[in-house]
2 protein chains.
Amino acid sequence: MPRTRVDTRTEIRAVAAELFARQGFEKTSLREVAERLGITKAALYYHFPSKADLVRGIVQPFVDEVEDLLADREAAADVDARQFLADYFDVVLRYRQVFEMVLRDVSALAQLDLMRQMLDWRERTYALLVGPGASPARIARATVAIGGLQDCATTDGPVEEFRDAALEAAVAALGS
Amino acid sequence: MPRTRVDTRTEIRAVAAELFARQGFEKTSLREVAERLGITKAALYYHFPSKADLVRGIVQPFVDEVEDLLADREAAADVDARQFLADYFDVVLRYRQVFEMVLRDVSALAQLDLMRQMLDWRERTYALLVGPGASPARIARATVAIGGLQDCATTDGPVEEFRDAALEAAVAALGS
DNA sequence: GTCTATACGTTGATAGAC
DNA sequence: GTCTATCAACGTATAGAC
């Protein structure tokens, strides 16, 4: 009997996402995920070819949204830096839990293509904010702006309380 | 014969530090460290009671310097925010390699007291920059300033090229 | 005091039976 | 689709040679 479960694949992802968010990717074993679902590790491996694929599926929606945002602005004639910072910040805030998980296990997720992609983002956001081939000084300002916002996203507390102030600070960091 | 080695303990730390910096804490096995030194895993365990102790010894000097800086400013009558940001930035830059390693394996290092201590830093730097019990908006600005600087420290390239600009950006983020 | 040999439990992953 | 059994590699631990 196929067990009283709607969609095992989906349930695995849900349980894994919760555990990953709470205790990190590396510190969560597949045995733990399987046990919570009442199945064995081997059954997990039927649905997902590896632990990496499991996390990939969880992070992918976030990656896709950022990718869409970047592609959109890169296609635009000119970019409003403030608006771009705001939009990027909002995407990160929306995927706050996933974002924190990624930051906590950078070296573990580095083996996935995920990390290569995220380092790519860095270059592209800098180019959008201060233009391609900008001076190291201008790039440093863009780094403070983006890095500062990201750091804000990993702090606790309701978003409304700090969103506008953080954005203001990032714009100020970027300079004229 | 005690082997043709000056100080095994020191050599272990040196090799481990290099491997940790290059491929992260979790992705470096003790077997790998031992093999590179021509000894066995068990010999490692004679010198260091655990893998955690090994990394602790590597990170400790960095932790101590930040702790000293914080204690110094907390004892001062008033704090020059710009000067504090500069001093903190310089410590992080000096321990750049260690700092990057820590950031890459946050969840792995969380079990050490290290992470509790670093979260503590966050509160204390905010208090130094915008005063204790500041509004969420002010704290957000301090977060962008500190977080932005930290992000700059993990980028490649010679320090002199971006140090001043990054500092300028952080001061601007902090606001009046 | 310094190290080797050996083993324990857990991890991610695979093979094959039902 | 799920199981049992098994794998190598990992961090950890202890006993004992020198």
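Just so we're on the same page: letters track the sequence lines, and every chain starts at 1. Side chains included, hydrogens not; waters and symmetry mates left out as well; all remaining heavy atoms used.
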Under 4.0 angstrom between B:Thr8 side-chain N/O and C:dG1 OP1 or OP2: no

Mutual orientation of the aromatic rings belonging to A:Phe20 and A:Phe25 [parallel < 30°, tilted 30-60°, perpendicular > 60°]: perpendicular

For atom CZ of A:Phe48 and atom C1' of D:dT2, their distance in whole Å: 15 Å

Presence of B:Ser50 side-chain N/O under 4.0 Å of D:dA13 phosphate oxygens OP1/OP2: no

Base D:dT12 paired with B:Lys41 side chain (donor-acceptor, <3.5 Å): yes

B:Tyr95 and B:Phe62 aromatic ring geometry - parallel, tilted or perpendicular at 30°/60° bounds: tilted

Below 4.0 Å: OP1/OP2 of D:dT2 and any side-chain N or O of A:Thr40: no

d(CZ, B:Arg9; P, C:dG1) in whole Å: 13 Å

Value in whole Å for how far the C1' atom of C:dT4 lies from CD of B:Glu35: 15 Å

Between P of D:dA9 and CD of B:Glu26, the distance in whole Å: 19 Å

Parallel, tilted or perpendicular, as decided by the 30° and 60° cut-offs, for the rings of B:Phe89 and B:Phe162: tilted

Contact under 4.0 Å: B:Tyr46 side-chain N or O vs C:dC3 OP1/OP2: no

Nearest-Å distance for atom pair NZ/P, residues A:Lys27 and C:dT10: 15 Å

Any B:His47 side-chain nitrogen or oxygen under 4.0 Å from OP1 or OP2 of C:dC3: yes

Point-to-point distance, once rounded to the nearest 0.5 Å, from CD of B:Glu26 to CD of A:Glu26: 4.5 Å

Earlier contact from the 5' end, DNA chain C, for A:Ala42 and A:Arg31: A:Arg31

A:Tyr45 OH to D:dT6 P, straight-line distance once rounded to whole Å: 19 Å

Between P of D:dA13 and CG of B:Leu30, the distance in whole Å: 11 Å

Nearest-angstrom distance from the residue atom CG of B:Leu44 to P of C:dT2: 14 Å

Carboxylate-amine/guanidinium contact A:Arg94 A:Glu65, below 4.0 Å: yes

